[in-house]
Amino acid sequence: MTELGALADRTFSAVIFDMDGTLIDSTPAVERSWRIWAAEFGLDVDDLASAHGIPAETTARRLVRADRVDEAVARINEIELDDLDGVTLLPGAQEALDALTDDRRAIATSCTRPLFEARIAAAGFPRPGIIVTADDIEHGKPHPDPFLRGAELLGFDPRECLVFEDAPGGVAAARAAGCPVIGLTTTSGPEGLAEADAIIGSLADIRLVQTQEGIRLQPA
């Protein structure tokens, strides 16, 4: 049974979803793309273990020589846009999105805007109205900016916005923003999500219920 702890007793004003690994399964495409990129730039693929859930530019600045960063960022963006094979909705994602009205849900992703648009089209779900991408903020995850911006666009205090995240960097960003956060083990093991308020397998493990009072959580 899913253990939601104190979150089960709360009412939230809105929900902010991460995208990759939370709403969609893009992991095979991501791993193929980053292996190609690592080989082209002479990098050890093992150094990319911490790249999930954070902007590509952040990883490039960490691993690539300074005079090649712009080239490296442009190249990984090109590779990822070219590989959308197998990008699909994860279990429970459509139901979670459908449970909420557009003014009570947002997506905060580390993708660029073009990659975000390409992946939601490949996965086959409608574009939500409130989106925060890596192009919209100065500092990406694990900084709090994506979730602070999402809460701002929704018009609610971040402490009232429930976040769903699958990556340690995303959980850290949500915590830094003051948002309650649920970790999903779709990509990372529970040990990497220890800072989350609760940990579940996927969005299929919970139900979101929106009423006039707000949004409640229930085990599926």
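Values below: all heavy atoms of this structure, side chains included; hydrogens, waters and symmetry mates excluded. Note that the coordinates shown come from a computational prediction; the quantities given were computed from them, not determined experimentally.
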With the 4.5 Å side-chain cut-off for hydrophobic clustering, are [X] and [Y] part of the same group?
X	Y	answer
I16	I137	yes
L100	L203	yes
I182	F17	yes

Exercise for review: Report the residues that fulfil side chain to side chain contact (heavy atoms under 4.5 Å, CB included) with T109, sequence neighbours left out, ordered by chain and then residue number.
Suggested key: M19, D20, I107, C111, F116, T133

For a 4.5 angstrom cut-off between non-hydrogen side-chain atoms, does [X] reach [Y]?
X	Y	value
T185	I199	yes
P219	L4	yes
E71	F41	yes
P180	L7	yes
R216	L208	no
L193	V181	no
L184	I200	yes

Taking all non-hydrogen atoms of both residues into account, name the closest pair between [X] and [Y] and its distance.
X	Y	value
D157	A151	C-CB, 4.5 Å
G170	F147	O-CE1, 3.5 Å
L154	D103	CD2-O, 3.4 Å
A29	D83	CB-O, 3.6 Å
S188	A167	OG-CA, 3.9 Å
A123	T88	CB-C, 4.1 Å

Check your understanding: Between W34 and W37, what is the ring plane arrangement, given parallel below 30°, perpendicular above 60°, and tilted in between?
Key -> perpendicular

Review point. Per the side chain to side chain contact (heavy atoms under 4.5 Å, CB included) rule, which among T22, V171, T27 passes with D166?
Key: T22

Check your understanding: Is a salt bridge present between E80 and R119, judged by a nitrogen-to-oxygen distance below 4.0 Å?
Key -> yes

Review point. Is the shortest side-chain N to carboxylate O distance from R113 to D135 below 4.0 Å?
Key: no

Check your understanding: Can T101 and Q210 be counted as having a side-chain donor-acceptor contact under 3.5 angstrom?
Key -> yes

Study note, to complete from the structure: Across all chains, not counting sequence neighbours, the ring pair (Phe, Tyr, Trp, His ring centres under 6.0 Å) partners of F125 are none

